[in-house]
Amino acid sequence: MTDDAAASDDDDRGGSPGVDEVLTLLSDRYRRHVLACLDGLPAPVTLEGLTDQVAGREFQQPPDKVSMIKRTQIATALHHTHLPKLEEAGIITYDTDEGKVTEITMDELLEGFLDKIRRHEG
């Protein structure tokens, strides 16, 4: 089976993302930070709050020590790229108008990979 055929089969399944999609989602560190921050938090989570958490993780310091320019860049990347990708995968529900993640759904496959990454990245 070709990669295109396999991707097509994954698309036809619906539901939770498959291994390839989970690995693609986790290939970006901002998305890994987002998922690590959201895991276990009750929704809703504001874009501003999530940005602060991601900035703190990214620069390994308190969010208020990260420059406003860097936090704005992170917020822009989250809003326009990473949160929509996570929503498209069915992992979160992101209200772009309100700037809030209103629902978080992580299946066992995603949680398993995320746990392994956390142990490796710290």
Side-chain angles (χ1 to χ4, degrees):
M1 180 180 293
T2 66
D3 288 339
D4 290 337
S8 174
D9 287 348
D10 286 348
D11 292 341
D12 293 339
R13 270 183 308 124
S16 298
V19 172
D20 289 341
E21 187 174 8
V22 166
L23 291 173
T24 298
L25 290 170
L26 293 175
S27 69
D28 184 272
R29 72 178 183 276
Y30 279 5
R31 288 194 294 270
R32 291 193 304 271
H33 291 325
V34 165
L35 292 172
C37 292
L38 291 175
D39 190 25
L41 288 180
V45 178
T46 65
L47 176 61
E48 181 180 345
L50 194 54
T51 298
D52 286 346
Q53 293 298 314
V54 169
R57 291 177 66 88
E58 178 70 12
F59 294 100
Q60 299 179 352
Q61 58 185 351
D64 62 341
K65 300 291 184 192
V66 178
S67 75
M68 183 58 73
I69 291 171
K70 292 289 185 193
R71 287 189 305 201
T72 300
Q73 290 170 340
I74 291 170
T76 301
L78 294 180
H79 179 75
H80 291 288
T81 303
H82 304 298
L83 296 178
K85 282 186 186 226
L86 292 170
E87 182 172 47
E88 184 178 310
I91 296 167
I92 65 169
T93 301
Y94 179 57
D95 182 335
T96 57
D97 294 333
E98 294 286 324
K100 291 181 182 177
V101 175
T102 58
E103 188 175 333
I104 306 145
T105 307
M106 287 204 237
D107 65 8
E108 288 182 36
L109 177 65
L110 179 59
E111 285 185 23
F113 278 116
L114 194 54
D115 285 341
K116 288 180 189 305
I117 290 168
R118 278 192 205 124
R119 285 194 299 267
H120 178 71
E121 290 184 341

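The model shown is predicted, which means the values in this text are computed figures rather than measured ones. Sequential numbering from 1 along the given sequence is applied to the chain's residues.
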Partners meeting side chain to side chain contact (heavy atoms under 4.5 Å, CB included) with Leu23 (sequence neighbours left out):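 Testing Leu23 for side chain to side chain contact (heavy atoms under 4.5 Å, CB included), a comparison that skips the adjacent residues, returns Val19, Phe113.
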With sequence neighbours excluded, residues passing side chain to side chain contact (heavy atoms under 4.5 Å, CB included) with Glu103: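 Counting only residues at least two positions away or on another chain, Glu103 forms a side chain to side chain contact (heavy atoms under 4.5 Å, CB included) with Thr93, Thr105.
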All salt bridge (charged side-chain N to carboxylate O under 4.0 Å, His left out) counterparts of Glu58, not counting sequence neighbours: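 For Glu58 the salt bridge (charged side-chain N to carboxylate O under 4.0 Å, His left out) partners, ignoring immediate neighbours, are Arg29.
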For Asp28, salt bridge (charged side-chain N to carboxylate O under 4.0 Å, His left out) partners two or more places apart: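 For Asp28 there are no salt bridge (charged side-chain N to carboxylate O under 4.0 Å, His left out) partners, ignoring immediate neighbours.
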Results of side-chain hydrogen bond (donor to acceptor under 3.5 Å, both in side chains) for Asp95 - residues two or more places apart only: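 Applying side-chain hydrogen bond (donor to acceptor under 3.5 Å, both in side chains) to Asp95 gives none.
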Sequence neighbours excluded, every pair satisfying ring-ring contact (aromatic ring centres under 6.0 Å, His included) that has a member inside residues 31-52: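 Qualifying pairs: none.
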Residue pairs, two or more places apart or on separate chains, that pass ring-ring contact (aromatic ring centres under 6.0 Å, His included) and touch residues 34-62: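 For residues 34-62: none.
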Non-hydrogen atoms of Leu35 and Met106 that approach each other most closely: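 Where Leu35 meets Met106 most closely, the heavy atoms are O-CE, 3.5 Å.
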Below 3.5 Å, can you tabulate the donor-acceptor pairs from side chains in residues 40-51 to any protein atom, sequence neighbours excluded?
residue, atom, partner, partner atom, Å
Thr46, OG1, Gly49, N, 2.9
Thr51, OG1, Leu47, O, 2.7

Gap separating the CG atom of Asp52 from the CG atom of Asp64, nearest 0.5 angstrom: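 So the CG of Asp52 and the CG of Asp64 are separated by 8.5 Å.
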Heavy-atom neighbours of Gln61 CD exceed 12 at 6.0 Å: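 Correct, the count exceeds 12.
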Without placing hydrogens or testing angles, list every side-chain donor-acceptor pair under 3.5 Å for residues 66-83, not counting sequence neighbours.
residue, atom, partner, partner atom, Å
Ser67, OG, Lys70, N, 3.1
Arg71, NH1, Pro63, O, 3.2
Thr72, OG1, Met68, O, 2.8
Thr76, OG1, Thr72, O, 2.9
His79, ND1, Tyr94, OH, 2.6
His82, ND1, Arg31, NH1, 3.0

